[in-house]
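Throughout, protein chains are lettered first and strands after them, A, B, ... in sequence-line order, and every chain is numbered starting at 1.
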There are 4 protein chains.
Amino acid sequence: MAPGARRHDPGRRQRIIDAATRVVEARGIAGLSHRSVAAEADVPLGSTTYHFATLDELLVATLRQANEAHVPRLVLRDGEDLAGALARLLGERLTAERGRVELEYELYLAALRRPALRPVAARWCEDVDRALEPYADPATARALVAVLDGIGLRVLLTDTPYDEAGAREALGRILTGGRPGGRPGS
Amino acid sequence: MAPGARRHDPGRRQRIIDAATRVVEARGIAGLSHRSVAAEADVPLGSTTYHFATLDELLVATLRQANEAHVPRLVLRDGEDLAGALARLLGERLTAERGRVELEYELYLAALRRPALRPVAARWCEDVDRALEPYADPATARALVAVLDGIGLRVLLTDTPYDEAGAREALGRILTGGRPGGRPGS
Amino acid sequence: MAPGARRHDPGRRQRIIDAATRVVEARGIAGLSHRSVAAEADVPLGSTTYHFATLDELLVATLRQANEAHVPRLVLRDGEDLAGALARLLGERLTAERGRVELEYELYLAALRRPALRPVAARWCEDVDRALEPYADPATARALVAVLDGIGLRVLLTDTPYDEAGAREALGRILTGGRPGGRPGS
Amino acid sequence: MAPGARRHDPGRRQRIIDAATRVVEARGIAGLSHRSVAAEADVPLGSTTYHFATLDELLVATLRQANEAHVPRLVLRDGEDLAGALARLLGERLTAERGRVELEYELYLAALRRPALRPVAARWCEDVDRALEPYADPATARALVAVLDGIGLRVLLTDTPYDEAGAREALGRILTGGRPGGRPGS
DNA sequence: AATGAATGAGCATTCATTCAT
DNA sequence: TATGAATGAATGCTCATTCAT
C-alpha cells in the first residue's frame with residue numbers, strides 16, 4: 001500500500017467488525033486478538049486499537065452486529081403450528097447454519113464473564129422475545145426461548161443429535177400447558 | 001520450599017484440581033493457566049504439566065469433579081409440587097451459590113469450543129436428567145433441564161432478576177402439558 | 001503393562017536405537033529427545049536415560065548402526081562403467097530412499113558440532129572408501145566419495161533436480177583424469 | 001537500559017542478524033534462540049520476535065548475509081593453476097578461518113531439515129558457481145564445487161587433516177579429464 | 001487522525017536430569 | 001537393575017499496550 005493511502009477510510013471500522021466475526025467463527029473468542037483481526041481485515045495493527053481501544057469494545061460491537069443480522073424468519077408452513085415451526089427452525093439452524101449458531105452462542109455466552117457484554121446480551125434476548133410476540137404473550141415467549149436455548153445448547157455442547165420431535169413436544173407443552181392462550185408468570 | 005521437599009506427594013494431583021476450580025471460579029477459564037494454577041496450589045510449575053499435559057486435560061478433570069460434587073438435593077417441601085421445588089432450587093442457586101453456578105456453567109459451556117470437554121458435558125447432562133427421573137419420565141426430565149438451563153443462563157448473562165413465579169409456571173407446563181405422566185418425544 | 005513385566009528385556013537397548021532412528025528420520029535430530037524416543041520405542045522414560053545417559057551417546061549408537069546397516073550394493077550392470085554405476089546408485093538413493101539418505105546425512109553432518117560423533121563419522125567415511133577399493137586406489141576412492149557427497153548434498157539442500165549425466169561425467173573425470181589407473185595424491 | 005531509551009533504533013534489525021551470526025559461530029544453531037540472540041545483541045527479547053517472527057526467518061537472514069559477505073577472493077598466483085589455487089584456498093579457509101567455515105557450513109547444511117532455508121542455500125551455491133565461471137564452464141564449476149564441499153566436509157566432520165595435494169589432484173582431474181575446456185553434463 | 005515500531009509480561013509446552021524406591 | 005515421579009530451566013511465540021511520528 002502506498003504511504004498515505006486510505007487515510008480516510010470510512011468503511012474501516014465496519015471491515016474490522018466483519019473480520020472479528022470471521023475470526024471468532026473460525027477460531028473462537030480465544031483466538032480473537034488485535035493482531036488476528038488486523039490480519040483478517042488486512043489493516044494495520046494500530047488501526048484496530050485505534051477504532052477499538054480494548055478487545056471488549058470490539059466484542060460488544062461484534063455481538064451487537066450479530067444480533068442485528070440475526071432476524072429469525074419465523075414463517076409457519078401449511079398445517080404447521082408454532083411449536084412445530086420453532087422446532088423445525090432450530091433443527092435447520094443446528095445443521096445448515098451450525099457455524100453461525102456456534103458463533104452467536106459463543107458471543108452470547110461470553111457475557112457470563114464479561115459484564116460489558118451483558119447489556120448487549122440482554123438486548124439480544126429481548127429481540128428474540130419480540131420476534132415471538134405476534135404468536136405468544138411475553139412470558140410464554142420467554143419460556144419458549146428458554147426451551148430453545150436449553151435444547152440447542154445441549155446439542156452443541158454434548159455432540160448429541162437433535163431430537164426435533166422432543167423439542168416440538170416440549171415447546172407445545174409450553175404453549176398449551178396453561179389456560180388456553182394463557183398468560184403465565186408476571 | 002526447600003529443595004527436595006515434598007518429593008513424594010500423593011495428594012498433589014487432587015490439590016491441583018482443587019486449585020484449578022478456585023482459579024476458574026475467581027478469574028474464569030481465561031484466567032486459568034499452568035502458572036496460575038501452580039501458584040494457587042503452591043506446587044512447582046512443572047508439576048502441573050506433569051500431571052496434566054495440556055490445559056484441556058486439567059479442564060476435563062475439573063469439570064468432571066464439579067460434576068461429581070454437584071449433587072442436586074431435590075427435596076419437595078410440604079405442599080410443594082415438583083415445578084415449585086425446581087423453581088425454588090434454581091432461585092437458591094442463583095443467589096446463595098452464584099459463584100458456584102457461574103463456575104459450573106462456565107466449565108459446561110466451554111465444551112462449545114473444546115471437543116475434549118464434550119463427553120464430560122454429556123455426562124453432566126445425563127446425571128442431571130437422572131436426578132429428575134424419580135419424578136418424571138426421561139423426555140420430560142430433559143425438557144425440564146432445558147427450561148432450567150435456558151432460564152438460568154438468561155439470568156446470569158443479562159443481569160436480569162430471576163422470576164421464580166415465571167419459572168414455576170413454565171416448568172409446570174412442561175409437567176402437565178401432556179397426558180398425565182406423559183411420554184413426550186421419542 | 002503389568003507391573004514388573006519385561007524386567008529382563010535384553011532387546012530393549014536395540015529397540016531404543018531403532019526408535020531413535022525412526023524419530024530422526026521423521027522429525028530430525030532436533031526432534032530427538034529422551035521423551036520422544038521413549039514414546040516411539042514404547043518403553044518408560046527412565047529406560048532411555050538408563051541405557052543412554054546422554055543424547056550424544058544415543059546419537060553415537062544410532063549413527064553407528066546406520067553405518068553398519070548401510071552396505072552400498074555396488075554392482076556394475078552390463079556395459080556400465082564405474083562412473084555410470086555410481087551415478088545411477090546415487091540417483092536411486094536420492095529418489096527411492098530419500099528419507100533414508102536424509103537420515104544418514106543428518107547423522108553424519110551432526111558431527112560438525114558434536115565431537116563425540118566424529119570418530120563414528122570417520123568410520124563411516126572409511127567404510128564407504130573401502131567399498132570402492134575393489135575398483136579404485138584409495139585416493140581416487142576418496143575423491144569419488146567427495147564428488148558423490150558434494151553432488152548429493154547439493155540436491156538435498158537446494159531442492160535441485162539430480163543431474164545424473166553430470167554426475168557420471170564428473171565421476172568419470174576423477175577416474176580417467178590422471179594416468180590410466182592412476183594413483184593421485186598420497 | 002533506561003525505560004524508553006532507544007525507542008527508535010534503525011540499525012536494530014542488522015544488529016540482531018550480526019548477533020545471530022556470532023551466536024551460531026560460537027554455539028551452533030542449536031544454541032540460537034530468541035533469548036540468546038537478544039542477549040548477544042543487547043536488545044529486549046520482544047525486539048527479536050518483532051523483527052523476525054520465527055527463528056527460521058532469522059536463520060534465513062543470517063544465511064543470506066553470510067552468503068553476501070563471503071566473496072571468495074580467487075586469485076591465481078604466479079605459476080599456480082586453478083586446481084592449485086582452489087586447493088590452497090580451501091586449505092587456508094580450513095585453518096585460518098575454521099570458525100567462519102564451520103559457521104557457513106552449519107547454516108548451509110541446516111537447509112536439509114528446514115525448507116525455508118533451501119532457496120537461500122540454492123542462491124549460495126549459484127553464487128559460488130558464478131565465482132568460478134571465469135575459469136570453467138558451468139558444469140565443470142559445479143563439479144569443482146562438489147569436490148570442494150565433499151573434501152571440506154570430510155575434514156570438518158572427521159577431524160582428519162586436510163590433504164592439499166590430494167585435493168589439487170582431484171580438482172585437476174575435474175578440470176582436465178574431459179576435452180580441453182570441455183562441457184560435461186547437460 | 002492514524003500507524004509502525006517497540007517492549008515487557010505472559011503463555012503452553014518440552015526437556016534433561018535427579019531421586020526415591 | 002530399573003523406573004515413575006518430580007522439578008527448574010528454557011524455549012518459541014503471542015499479546016495488549018505504549019509511544020513517537
Nearest-angstrom distance from the residue atom CD of E57(A) to C1' of dA16(F): 14 Å
Is the closest side-chain donor-acceptor distance between S47(C) and R12(C) under 3.5 Å? yes
Less than 4.5 Å apart, any side-chain heavy atom of F52(C) and any of I17(C)? yes
Grab the CG-C1' distance between L59(C) and dA16(E) for me, whole Å please. 14 Å
Salt bridge (charged side-chain N to carboxylate O under 4.0 Å, His left out) filter on R64(B), not counting sequence neighbours, yields none
Any residue meeting side chain to side chain contact (heavy atoms under 4.5 Å, CB included) with A121(B), in chain and number order, not counting sequence neighbours: T158(A), Y108(B), A111(B)
Determine the sole option in V37(A), T62(A), L107(A), I16(A) for which the side chain to side chain contact (heavy atoms under 4.5 Å, CB included) test with T21(A) is passed. T62(A)
Partners meeting salt bridge (charged side-chain N to carboxylate O under 4.0 Å, His left out) with R98(C) (sequence neighbours left out): E102(C)
Determine: side-chain N/O of S47(C) to OP1/OP2 of dT3(F), distance under 4.0 Å, yes or no. yes
Below the 4.0 Å mark, does dT3(E) have OP1 or OP2 next to a side-chain nitrogen or oxygen of Y50(A)? no
Rounded to whole Å, how long is the line connecting atom CD1 of I29(A) with atom P of dC15(F)? 15 Å
Regarding N67(C) and E104(C), is there a side-chain donor-to-acceptor distance under 3.5 Å anywhere? no
Applying side chain to side chain contact (heavy atoms under 4.5 Å, CB included), can you list everything that pairs with E25(D), at least two apart in sequence or on another chain? L103(D)
Let me know the distance between CZ of R13(D) and P of dA6(E), rounded to the nearest Å. 11 Å
So what stems show up for DNA chain E if we need 3 or more Watson-Crick or G-U pairs in a row, all under 3.5 Å? E:2-21 with F:2-21
Is there a side-chain contact between R12(A) and the phosphate of dT3(E), meaning an N or O under 4.0 Å from OP1 or OP2? yes
Over how many whole Å does the gap from H51(C) atom NE2 to dT3(F) atom C1' extend? 11 Å
Per-nucleotide protein contact along nucleotides 9-14 of chain E, 5' to 3', at a 4.0 Å heavy-atom cut-off (B base, S sugar-phosphate only, - neither), is -BBBBB
State whether the side chain of R22(B) and the backbone N or O of A41(B) hold a donor-acceptor pair below 3.5 Å, judged by distance alone. no
